[in-house]
Amino acid sequence: MKEIPKKYDHRSVEEQWRRQWEESGLYRWDPERPRDESFVVDSPPLTVSGSLHVGHAFSYTHQDLLVRYRRMQGLNIAYPMGWDDNGLPTERRVQNVFGVRPNPKLPYDPAWRPRRDKKKDEGVEEISRLNFVEACSVLTEGDEEAFAESWRQLGLSVDWALSYATIDPHCRRISQLSFLDLFRKGKVYQSFAPTMWDVDLRTAVAQAEVEDRDRKGAFHDLRFAVDGGGEVVISTTRPELLGACIAVVAHPDDGRYSDFFGKTAVTPLFHSPVPILPAEHADPEKGTGILMVCTFGDVMDVEYWKRSGMAHKQLVGADGRMMEVDYGSSPFGSREPELARRSWADLAGLTVVQARRKIVEMLAAPDSAVGGGGPAMVGEPKPTEHAVKFYEKGDRPLEFLPTRQWFIRILDAKQELIAQGRKIAWHPPHMRTRYEHWVEGLNQDWCVSRQRYSGVPFPIWYPLDDQGAPDYEHPLVAAGESLPLDPLSEPPPGYSEAQRDQPGGFSGDPDVMDTWATSSLTPQIISGWPDDPERHAKLFPMDLRPQSHEIIRTWAFYTIVKAWMHEGQIPWRHVTISGWVVDPDRKKMSKSKGNVLTPGKIFEEYSADAYRYWAARNRFGTDTVFDTQVVKVGKRLSVKLFNASRFVLMQLDRVGADYARVPVEDIASPLDLSFVSELRTLVARASEAFESFDYAMPLQSSEELFWQFCDDFLELVKVRSYSEEDTPERRSATATLHLGLETFIRLFAPFLPYVTEEIWSWRFARGEGPSASVHRASWPSVEETVSVVEPEQRESFAVASDLLRQIRGAKTREKRSLRWPVAALQVSGPEEARAALDPVLDDVLRAGVAEEATIEIVDGPAPVEGRFAVEASLAEEPSS
RNA sequence: AGGCGCUUAGCUCAGCUGGUUAGAGCGCUACCUUCACACGGUAGAGGUCAGCGGUUCGAGUCCGCUAGCGCCUACCA
């Protein structure tokens, strides 16, 4: 028999089991077993950048709790780990670390390798997109290993054989196959239209990645002359777009302006005639009630412009600077081309903010109004605060730029997508409301193309005409079997590489897909759709999608979109939403705020089990403050588990217990039956809670009964189990201790995988390899104890605990040690309590060191606290 | 501006379909060097369950309103 260690050293124990689990393949998914014996998790691919913080470990712990419960139910677990290494954070780091920059025009160089040892004076090397993508992989591989190590420390029961990275060839293939499938189904289209654009990253972005930020701005009241006399004063926060004004509009019912409808206004500085028109979106309460429509200041402008069919005047360039425009040739219909040209000359090349400052000066100049009647701007700008759209990772406001982009048709599918959402169980349920809000509020199709490099390219080329102009209407589509491919390195079928970018030849699509276009396919990536239909059927739809709430509108939403478009399916049956870990000010913890705690230190000081305990105490959907105090409680629990187990097992060893077989039939003493009755209730409730994806309640209830087990039951049963003779009472005690401990260890196994495994290995483990693990042991069930009868007095254990506590209380008040004997005991209480006490009185007296005392038990009312009123007089002398 | 969620002891949180005097842990105070455990144990103090109104024999629990906090969506001239 294995020797039981005297002290619990979590560092060495956790490290030892981590290694052992990995070697034994404990967490392997078995591809042979059928779907209905499986539990499949669509775990979140982690963005590989920087380091792990407590927030990551928080939500991953939640997944693992559910997974470990299902595994103990005997299910075949598919629990993969993904890495999201697409995207901008990686691009930036690759540029810095390797001194390279992607140039999409360059062909792929298979011999090229990234070098970290570059000197500064070597300059920046330009490489092909695919080489750049490879450099990204090289960089992220090291990070992934570090992350994986942290996950192993945390005790995640991931099957590492199921790992994937969103940039690896398999993911690129699935992602491109998805695009082709949607292309064939007519679910994607290309459009040249005003799109939200980040001027720093120089790429289009999707609605889901846009956030509003409150920014200070100002209303500028500008005088527009009106043909035939008079003027209107429009109010704008974006005077720099004055040159792009295409119309002036007011609400149709606004009497102040109705006389002007149909007339022509003339813009100051640029002298462009623009129509004055009624428009529903104008709010009479705001500004002066009359406004200019520009191409493009905001979404309303885009909408209005689309409906109006008017000309388009683009002033802001892709880099966020005012474009060079030849105003002299009057492309915008200025009546004073020379004045317009001069005005523009001062603005061209400036950033939006600089241009705004400059044009305000110009508009404030005397005689800047049309016709020279004083300044064009009335008074000073009036400060205001307004919401401005930003890319969520961006630094400057988004602009609307007309560009060619790929879109997925989601707008006309809102109802179906809401219906799909209702087929999925959300935990907590109100998170579905967020999903529905988002879907209902969609106003654009999903823009999936990005003008970036690190990402999955579109498997598309365009034929070029004799002038070398691409024919976007008839793209050349890659064959499925050729994927993944890079259209910038490989020619389309029927063409040769020499024809690239030549008249009569072809051009590859230069863009990459939105990173969500790939991560929305995590279920298919894991299942192998559509290449491996058999495997796909075993893994899809999945059981569980764990994630956090800020990505409901992206990850959850897009995954539902893809599953629906590809197969008319839901991607998973359950979604669990973990909250955020916030700092004490209730702000989300994030690296940029510098308030991040590293899990590594916590594992080292308090153990991974203790960290998991803290995470498990927090329910799905609730944000929480990281609390070291609670981690300490977790550590205390695991140490207590260790010590109590050690004590119980030494006791069982002494009487030669049979660990192979739980002799539950031996359980016969009233106290033991009463305790088993409570244990049975706990097991039933904990299992029920886990079934409904609640892990916090099982932990709390198990913990509660476990402390009673230690504080009271062990004390009550101690003397009886010490008995030298093999009596039925001793056998009952032995069997109950065995059953209780074995049950607690299994109940705690999902939460505290290390310490429970350690204890399990001392006496309970059977056989070799994975099956010896507590994590493959069966989850406790009430069936295990069917042969144990219900006690005549169910309350006996509770009543005994109560009396024991009161005896202890008396000793504490007298400032005596708990071993101090009691001389006389008077107990008064109602009939029921006395009846429950009667069969276990001897156990209590032995545990309370009152065996020799005079006992008097009388009828009496139930006291305010507890079940009995107890008078205990202590002995004069301590026991020998 | 609409919606969702939260508000219970100093702190972190339990309280299921309404039912006897509101629970736990931490922290605090006092005590116990106890033969599994000082990475311990025992006991104690501490709450008008955010506020107001309603339903009910009975409300922390159900309904309405108000306030504060957090989030989602919208507003962007």
Side-chain angles (χ1 to χ4, degrees), chain A residues 4 6-10 212-215 217 219-220 234-238 241 248-249 279 281-283 286-294 297-301 304 384-389 397 428 430-438 440-441 443 549-550 552-553 579-580 582 584 586-588 606-607 610 614 617-619 621-630 632-633 635-651 685 688-689 696-697 700-701 703-704 707 710-711 714 718 805-806 808-820 862-865:
Chain A
I4 299 175
K6 198 153 169 44
K7 284 270 177 192
Y8 185 49
D9 174 15
H10 70 260
D212 289 346
R213 295 181 199 163
D214 284 331
R215 283 291 175 271
F219 278 115
H220 304 74
I234 66 104
S235 227
T236 181
T237 56
R238 299 205 61 182
L241 295 177
V248 168
V249 299
H281 76 269
D283 177 359
K286 219 163 176 181
T288 56
I290 187 161
L291 60 129
M292 64 175 186
V293 176
C294 308
D298 60 37
V299 193
M300 296 313 297
D301 286 349
Y304 188 87
T384 178
E385 187 143 304
H386 58 152
V388 179
K389 286 194 187 307
H430 69 255
M431 288 298 175
R432 198 185 67 200
T433 314
R434 288 205 187 183
Y435 170 79
E436 294 189 0
H437 276 165
W438 174 252
E440 282 160 7
N443 56 31
H549 44 67
E550 82 277 15
I552 289 175
R553 67 180 191 171
W580 283 339
V582 294
R586 292 272 159 191
K587 297 285 182 304
K588 188 189 175 188
Y606 302 104
S607 80
W614 165 76
R617 285 256 305 231
N618 294 283
R619 297 171 138 73
T622 55
D623 293 350
T624 186
V625 176
F626 183 75
D627 187 352
T628 318
Q629 296 296 348
V630 177
K632 282 185 189 165
V633 176
K635 185 176 180 185
R636 200 167 66 108
L637 175 63
S638 55
V639 170
K640 189 75 176 179
L641 209 49
F642 180 95
N643 286 317
S645 302
R646 185 167 169 273
F647 168 66
V648 168
L649 293 176
M650 288 185 331
Q651 200 78 324
R685 292 184 58 215
E688 202 182 305
M697 184 258 144
Q700 194 188 325
S701 308
E703 198 183 355
E704 231 163 72
W707 282 100
C710 294
D711 293 349
L714 290 186
K718 218 177 217 175
R805 270 161 208 278
Q806 298 222 39
R808 283 182 198 137
K811 291 178 184 176
T812 301
R813 276 190 298 279
E814 296 293 321
K815 304 193 175 180
R816 299 295 190 196
S817 98
L818 294 180
R819 278 203 304 171
W820 200 280
V864 174
E865 290 206 9

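The chains referred to below are lettered A, B, ... by the order of the sequence lines, with proteins before strands, and numbering in each begins at 1. What you see below is based on every heavy atom in this structure, not just the backbone, and it leaves out hydrogens, waters and symmetry mates. All values derive from a computational prediction rather than experimental measurement.
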Chemist: When you measure from the side chain of K640(A) to the backbone of W707(A), do you find a donor-acceptor pair of N or O atoms at a distance under 3.5 Å?
Modeler: no
Chemist: rC57(B) and rG18(B): how far apart are their C1' atoms, nearest whole angstrom?
Modeler: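 The answer is 12 Å between these two C1' atoms.
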Chemist: Is there a side-chain polar atom (N or O) of K815(A) under 4.0 Å from OP1 or OP2 of rA43(B)?
Modeler: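 Result: no.
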Chemist: Counting only Watson-Crick pairs (N1-N3 plus N6-O4 or O6-N4) and G-U wobbles (N1-O2, O6-N3), all under 3.5 Å, who is the partner of rG5(B)?
Modeler: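 Partner of rG5(B): rC69(B).
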Chemist: Using the C1' atoms only, state how far rU66(B) lies from rG23(B), rounded to an integer number of Å.
Modeler: 29 Å
Chemist: Might you confirm whether atom CD of E436(A) has over 12 heavy atoms from other residues, nucleotides or ligands at distances under 6.0 Å?
Modeler: yes
Chemist: Using whole Å, what does the distance between atom P of nucleotide rC37(B) and atom CZ of F647(A) come to?
Modeler: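 For the pair F647(A) CZ and rC37(B) P, the rounded distance is 10 Å.
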Chemist: Would you please confirm or rule out a distance under 4.0 Å between OP1 or OP2 of rC71(B) and any side-chain N or O of R434(A)?
Modeler: no
Chemist: Could you measure between the two C1' atoms, the one in rA22(B) and the one in rC13(B), and give it in whole Å?
Modeler: 14 Å
Chemist: Would you verify whether the NZ or CZ of K718(A) falls within 45 degrees of the ring axis of F647(A) while also being under 6.0 Å from that six-membered ring's centre?
Modeler: yes
Chemist: Would you say K811(A)'s side chain and L818(A)'s backbone share a donor-acceptor pair under 3.5 angstrom?
Modeler: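 Flag set: sc K811(A) to bb L818(A) pair under 3.5 Å.
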Chemist: Does a side-chain N or O of T624(A) approach OP1 or OP2 of rC13(B) to a distance below 4.0 Å, or not?
Modeler: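 Yes.
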Chemist: At under 4.0 Å, does any side-chain N or O of K7(A) touch on OP1 or OP2 of rA38(B)?
Modeler: yes
Chemist: Within the modelled atom types, does a donor on one side and an acceptor on the other bring the side chain of D212(A) and the base of rC75(B) under 3.5 Å apart?
Modeler: yes
Chemist: Take atom C1' in rA45(B) and the same atom in rC26(B), then report the distance between them in whole Å.
Modeler: 15 Å
Chemist: Using Watson-Crick or G-U wobble geometry with both distances below 3.5 Å, tell me the partner of rC62(B), or none.
Modeler: rG54(B)
Chemist: Both distances below 3.5 Å, Watson-Crick or wobble geometry, any strand: find the nucleotide opposite rA14(B).
Modeler: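 Paired with rA14(B), as far as the under-3.5 Å criterion goes, is no nucleotide at all.
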Chemist: Provide the distance between the two P atoms, one in rC6(B) and one in rG15(B), to the nearest whole Å.
Modeler: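 Looking at atom P only, rC6(B) and rG15(B) are 11 Å apart.
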Chemist: Within less than 4.0 Å of OP1 or OP2 of rG41(B), is there a side-chain N or O belonging to R636(A)?
Modeler: yes
Chemist: Quote, to the nearest angstrom, the C1' distance that separates rU61(B) from rU17(B).
Modeler: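 Nearest-Å result for rU61(B) against rU17(B) at atom C1': 10 Å.
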Chemist: Which base sits across from rU42(B) as a Watson-Crick or G-U pair, both distances under 3.5 Å?
Modeler: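 Base partner found: rA30(B).
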Chemist: Looking only at side-chain N and O atoms, does R619(A) come under 4.0 Å of OP1 or OP2 in rC13(B)?
Modeler: no
Chemist: What integer number of Å spans the P atoms of rC49(B) and rA9(B)?
Modeler: 9 Å
Chemist: If the C1' atom of rG64(B) is compared with that of rG25(B), how far apart are they to the nearest Å?
Modeler: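 Those two atoms are separated by 36 Å.
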